[in-house]
Protein chains: 2
Amino acid sequence: MEKIAALVLATAVVIAWIAPAARGEVRSFQWKVEYIYWAPDCVETVVIGINGQYPGPTIRATAGDTIRVELENGMSTEGLAIHWHGIRQIGTPFYDGVPFASQCPINPGETFTYEFVVDRPGTYFYHGHYGLQRSAGLYGSLIVDPVPSDAVPFTYDGELSIVLNDWWHRSIYSQETGLSQLGSAFRFVGEPQSLLIEGRGRYNCSLIPAAPSSPPLSGDVMSCNSSRPQCAMHALAVRPGLTYRLRIASVASLSSLNFLLEGHNMTLVEADGHYVTPVEISNLDIYSGETYSVLVTANQDPSRSYWAAVNVRGRRPATPTGLAILSYGDGSSSSAPPSTPAPQSPAWDDFAYSVAQARRVVSRPGFQIPLPERANVRLMLLSTQNRIDGKIKWAINNVSYVPRATPVIAAFQFNLTTAYDLAASPPRDFSRGYKIRNAPPNPSAIQGSGVYTFRHNDVVDVVLQNSNTLVPNNSEIHPWHLHGHDFWVLGYGSGIYRSHRHGSTLNFVNPPMRNTVAVFPYGWTYLRFRADNPGVWAFHCHIESHFHMGMGVMFAEGVDRLPRIPAQALGCGYTKALFTAP
Amino acid sequence: MEKIAALVLATAVVIAWIAPAARGEVRSFQWKVEYIYWAPDCVETVVIGINGQYPGPTIRATAGDTIRVELENGMSTEGLAIHWHGIRQIGTPFYDGVPFASQCPINPGETFTYEFVVDRPGTYFYHGHYGLQRSAGLYGSLIVDPVPSDAVPFTYDGELSIVLNDWWHRSIYSQETGLSQLGSAFRFVGEPQSLLIEGRGRYNCSLIPAAPSSPPLSGDVMSCNSSRPQCAMHALAVRPGLTYRLRIASVASLSSLNFLLEGHNMTLVEADGHYVTPVEISNLDIYSGETYSVLVTANQDPSRSYWAAVNVRGRRPATPTGLAILSYGDGSSSSAPPSTPAPQSPAWDDFAYSVAQARRVVSRPGFQIPLPERANVRLMLLSTQNRIDGKIKWAINNVSYVPRATPVIAAFQFNLTTAYDLAASPPRDFSRGYKIRNAPPNPSAIQGSGVYTFRHNDVVDVVLQNSNTLVPNNSEIHPWHLHGHDFWVLGYGSGIYRSHRHGSTLNFVNPPMRNTVAVFPYGWTYLRFRADNPGVWAFHCHIESHFHMGMGVMFAEGVDRLPRIPAQALGCGYTKALFTAP
């Protein structure tokens, strides 16, 4: 509803800045974010919707277009920010949507205008990046088509798109509170109640203890009704003989997912907005924050339908298969749910299977972005689970990230040295003797808000090193997502990374570019990126509760070249010191 | 944790401003607000706590003291503000704690310092004033003792203090969402599940459909366990023969309450911080936002205990009696719960009883503040329930108040005319022909954010006129609370107020001063105040859902004399336009 007066000026500045890159159209959206009642898995509760719908509207644009979203915060007391996952925000780092990194949270009643160029075709999505709001339903698809003159290295007859998710009945407030409890009172969010395909799942209503009466006696679960249209299964409608590009994204809060189409193989052709060498697969491991395109040919008996299914892998599953219908034809009996059982995925703990599939994803000849020959910076980042002041946290090189109330980008632009020690860096390495197969021996990690700083065009290597959690003989998958960048994935390995032993195993030939990559249990993942995008960029585990518990770091790069932060992105924390009396 | 750099300067300014009034000590508190698991009525859910406790800590001070609360917002995504109910904030209108009226909401991670003088003795409290956060448990007691040299017109041997409340199991997010639904999807918050005395009640766990399993299947209700210490009954411990001053406040979200002590009469001596002519009562009607002191003499059989009880009046009750124990002695059998049945209050719909009790509250000779002889401004404010754009709202003279994202006080101080039309006033009267006993004939009320403006030292009369709701033959009690002021209550009446008919019934002799006053069904209430406190002051129904649905107005007075707003209170909405590039 309201616009910020200062924005008029600020926007003009932005447009001037991005004008050289913006060769396409401006696509404008007006969104209002507010709580709605919704029943994604037939269990009705409160969900964060956009313009009254869940999931949020799909943004579809062409490479080079400018996306302009006037985002009204219609919630009552909660701040808001939306991250445009996979969009690098070149020249607009203040529109990356990370509260206290790239902007102040948008207050209730404010309208914040995101305006950025989608410079490359690909499959992307957007989601709330504040607290656990993504888990409350704040997300949607963002698909960028190539300009007609751009080559696409495969052909298809039609497109389909789905977002995968896991879903809880407990509110994000209760989930957050559980994560912050002291000692044994800690309550993890636990395994999800449902898996959703395009925002739809099906909970077994008989498991709800009793129909909640009115007034409700069971918290916020209002009702469970499996015939609600909101939880009708999503249908992927195909025509016999045609080939489809199926875009798949995962916004899962916790789960490593495996997607499969009953009776149909898939050809993997795109990952995180980059074309990859085609790979035939019968099922797809997809981690939170990743996107893929697969080609599917409707070459099976068209008189029946088939399951599209998603299962949990990587953690012991306690959630039924999420289902949608792959339907031949248009509304005939072939669109009814199949009578076959739900398809199964590989064993949840077959990590070798997962690693092998990850390694098959390599860049596509002719679409490679040249890899810088060597890095001039290297970070060795060890993830550990620790107890800090009696609470369970995740830490990177013994520092558990905690956001402060001032956007890091503003601290650099305005030299707000009371907000952050801008000169200090968190540790760039960890003790060589660390035993990653033991539970952390030293529980004295700290909380911190330090920032890793790079010079413009530094080439940065990062080794993400996994380890044992606080539970003996347990190590978990972590999908790490980097903002503002894609990175080359040079390799995955088991155990502790050692240059002399593993350096030669890295893939310098056709490493894929990604914005999200998994680190497997007890393993390491090696990646490289060029710090060519002035801004402040979060780099974190995309598991919602893990980032909330500190599993992330901040990268600041080219801070001497930051574009001017618009006033609408300020107003919190120490940026209040910038007020001047009229 | 964090402090705002600009605050150092701002605080200095404030202290200089209030120094003339601040004759007492500075009492400093450091509070962290965050969600906690708590079981106020034995049903465990998430509650907003302060320093890990619910209700919040009691503030105890002496008249003339300065209260300094460093308030850290430890919530994850929610803004925060605390209103100091009954404290007039003379010279510190920006510390009144109303988001978008007196300040910007405090962002997560920020620490905001409230600093104000408690200039008069009395029974007060504090509570969250953002969204429905008060309903989520954010409140506590604030008691101001007189300086030793000040006369107190009654004596007593000891003090006791309780806050009354009503309580729901459904989260405030779900409650808010229900209030905003279109048409027949509207879901009112409904009658409370429990009534709490000093934050403690007792829900019948057998009414919870089943013990929620793990992971919880029933939303946020984690467990119900009637032996939890958190829901052990509050005990009022007295010694035989002594007389106690019992301070009673109501922060109820919805309910008009009636409080009584089994077997004991009470003598009403204080209302909203003002001594009143003593009244003997056997039970006390108390509306949300009101405080009272009663004197109670422990003159009954000391070998047993007695019930302290609270019941719903004014609405058809659907909530069990809230109970505490009036306990003689110290830990003997006399502190066990009585075996007698819970005491009953007068019939819920005996409104004549309620009006009669309200009329018995008059000022105490010797402690009267002289009533200005006449007013130079009069507002006739008609409350109606309306449908606006398909949603049910409350409106005042056909305008339903909706906050905007810019603090009104900042709009006046910095002349932010894009935020508000500062010259316009909402209607000061309503149509003479309005039929208050009919459901609203004209559903075309509007939403607005207009401000009533008064000159410094205007004397303002307000007639609060009640009417029929959208439901035929229904009119409800509304306790109206004025910020920044006390007012003289000149009278209550039935039907529509007419000067020629009712003017002569007003009490110009010993009207009580209050900050909260009830308007009874189909009735009017007449009050007067002097606009001698430069600031912006909310005046609203203290029922949480009613204010949320628009039942309030804003008063701006002496805006040419506003003290300088500290930077920590700014940063939202159009105040971002005040940023200046370094």
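So that the names make sense, note that chain A is the first sequence line, chain B the second, and so on, each numbered from 1. For the numbers below, each heavy atom of this structure counts, side chains included, while hydrogens, waters and symmetry mates do not.
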Minimum heavy-atom distance between Asn107(A) and Cys572(B), given as atom pair plus value: ND2-CB, 3.3 Å
Glu78(B) versus Glu78(A), closest heavy-atom pair with distance: CG-CG, 3.6 Å
For Gly131(B) against Ser76(A), the heavy-atom pair lying closest together: CA-OG, 3.4 Å
Contact winner vs chain A - Tyr173(B), Tyr35(B), Trp168(B), heavy-atom pairs under 4.5 Å: Tyr173(B)
Proximity breakdown for Thr177(B) and chain A, heavy-atom pairs closer than 4.5 Å: both
Which atom of Ala405(A) lies closest to which atom of Pro108(B), heavy atoms considered: CB-O, 3.8 Å
Contact class of Thr575(A) relative to chain B, heavy atoms under 4.5 angstrom: both
Under 3.5 Å donor-acceptor, Tyr37(A) side chain and Gly178(B) backbone: yes
Phe100(B), part contacting chain A, at a heavy-atom distance under 4.5 Å: side chain
Structural part of Ile36(B) lying under 4.5 Å from a heavy atom of chain A: backbone
Separation between CG of Leu578(A) and CG of Leu578(B), rounded to the nearest 0.5 Å: 11.5 Å
Selection from Glu34(A), Gln175(A), Arg187(A), His548(A) maximising heavy-atom pairs under 4.5 Å formed with chain B: Arg187(A)
Heavy-atom closest contact (Gly573(A) atom, Glu110(B) atom, distance): N-OE2, 2.7 Å
